[in-house]
There are 2 protein chains.
Amino acid sequence: MTSSAELRVALLARSNFPAPGTEVTCAVSGGADSLALLVLAVAAGCRVTAAHVDHGLRAGSAAEAEVVAAAAERLGAGFRGLRADVTPGPNLEARARRARYAVLPPDVLTGHTADDQAETVLVNLCWGAGLDGLAGMAPEGHPLLGLRRSETAALCAAEGLTPVDDPSNADPAFRRNRVRHEALPLLADIAQRDVAAVVARQAALLRADADLLDGLAATIDPTDARALAAAPVALARRAVRRWLTTPAASGHHPPDAAAVERVLSVARGEVRATEVTGIGRVSRSGGRLAFDASYRHAGG
Amino acid sequence: MTSSAELRVALLARSNFPAPGTEVTCAVSGGADSLALLVLAVAAGCRVTAAHVDHGLRAGSAAEAEVVAAAAERLGAGFRGLRADVTPGPNLEARARRARYAVLPPDVLTGHTADDQAETVLVNLCWGAGLDGLAGMAPEGHPLLGLRRSETAALCAAEGLTPVDDPSNADPAFRRNRVRHEALPLLADIAQRDVAAVVARQAALLRADADLLDGLAATIDPTDARALAAAPVALARRAVRRWLTTPAASGHHPPDAAAVERVLSVARGEVRATEVTGIGRVSRSGGRLAFDASYRHAGG
């Protein structure tokens, strides 16, 4: 039988925490993944604060905060209860996530596992998010991407921690839950292999490809039409996407692939200007590209 | 109502055939995709030979050859009937494909559509094939990747051609059929969009990423341990994979990701040698890496 200490050591070896002594904030909902994150962050020698975010959505969420606070105290970690209200309605999942990250520090650690990574990749595949989407979540901020969800549950059991069961994890209205409960099991049955593990490992390899291309694209000035037109198209697309995702442009979502191609046509002088929905108008003048955000709502 | 000539012109504009006058061989099974390929290759002004491959598997396959020969004659194309017997049994789909490509010229054109591309990408995702697999089929040899399967059927109907219905396309024992009939429809339902089209378009973008990385990796000598150890890991992996996929090494399947990492450990001097299943033993000596295929069956 594996003791909780042995399990902790084994899982820690496959995790990716900052150096001992580093101050970290862990986002802890009280589910198995995030409780395991808390256990392992403490075991990694970090100086840990467990942050619980209450969305004010469910009656039980105050009780969940108490579960997290009790676990943190028992493990010798600090605790912060945060509030980020969201109202029920469309896109609840995405709005709750945004609200959560708005109140958490930017370098917060989350308990996403290889299973979450595979789900993210599959969602991104279906949305056409390109290489960066298929590379899934970056290792930074996600120390448990090498672990399986079942292992975090086993660790909680071994530690005598009883995770909170988030009822929204079973709600098929959330597309991620359908990917988890329907799409990944179907693909695993078709492929006759552990597709979640395969996809998560593949994402880590794609991350290296994406990082290398990012580094190369960063040397291209996207406002220099000639440089953009002369660059390999894979890098030119990337430079345009990064440019139009800066806070001065959209600040949020990258432009879609068709809009990126239109901007490259402007760079090559095939058209003088193009509108990019949600971002503005990109035009060329004297060899330079510029965007004008006042056209933001003009449509593409 | 769209005439057959109008439909031909519209689909041709989204196809990718060689220049008029080029001699091409089209692989034509007699299904809608490959009959449409034949129609469009002729319309593109190529000098076309339709090649039908009989696997000797089904009673109807000789009759299928006659359908293809008749269509070729009507369209003014040449015809070649080829024979590539396969025996029923495991991996029939893959063995039939290999047998087919062994008797067809290497620059054969096939009628794969955007739907086939999406299926290929999803299969490759589940097998962990990396960026190259997610980029799907290259545009070379596949002029119809921009068309949908339904459009090839519409073209056949407009041309008065009756496609052969391949019963193996409905056989759930072939994993590709389950991806087509189960996985892609489920993902489309979850994502509420035309996932096949999204995935196929994304594959074309990933192809540019993969080509760029290939070009960069080609400048690295994979037998130079120091160069390999100093290169960005994304390129070093690619150089090793290409090296161990040459005919002198495995000649067929690329080494798996874990084997590539072990070879990189040898390059960095962390271990002196490693065995790569199906390929041989890779060892380092005097700053050079070499592989010895006599170890091929030693296991990894």
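Each chain gets a letter, A, B and so on, in the order the sequences are listed, and its residues count up from 1. As the structure is a prediction and not an experimental result, all values here were calculated from the model.
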Give the member of B:P232, B:G130, B:A129 that has the highest number of heavy-atom pairs under 4.5 Å with chain A.
B:G130
When only heavy atoms count and the cut-off is under 4.5 Å, which of residues 211-220 of chain B reach chain A?
B:L212, B:L213, B:L216
Highest number of heavy-atom pairs under 4.5 Å with chain B: which of A:A257, A:A183, A:C126?
A:C126
If I measure from the heavy atoms of chain A, does B:L122 come under 4.5 Å with its side chain, its backbone, both, or neither?
side chain
Considering heavy atoms only, which positions within residues 185-199 of chain B lie below 4.5 Å of chain A?
B:L186, B:L187, B:D189, B:I190, B:A191, B:R193, B:V195, B:V198, B:V199
Give, as side chain, backbone, both or neither, the part of B:R207 having an atom under 4.5 angstrom from any heavy atom of chain A.
neither
Taking C-beta and beyond as the side chain, do A:V121 and B:L125 meet within less than 4.5 Å on heavy atoms?
yes
Counting only heavy atoms closer than 4.5 Å, note whether A:R238 contacts chain B via side chain, backbone, both or neither.
side chain
Could you name the residues of residues 132-141 of chain B that have a heavy atom within less than 4.5 Å of a heavy atom in chain A?
B:L134
For A:N124, is it the side chain, the backbone, both or neither that has a heavy atom under 4.5 Å from a heavy atom of chain B?
backbone
Is there side-chain contact between B:L131 and A:Q202, with at least one heavy-atom pair below 4.5 Å?
no
For B:H55, all residues meeting ring pair (Phe, Tyr, Trp, His ring centres under 6.0 Å), sequence neighbours excluded
none
Can you say whether A:L205 sits under 4.5 Å from chain B via the side chain, the backbone, both, or neither, judging by heavy atoms?
both
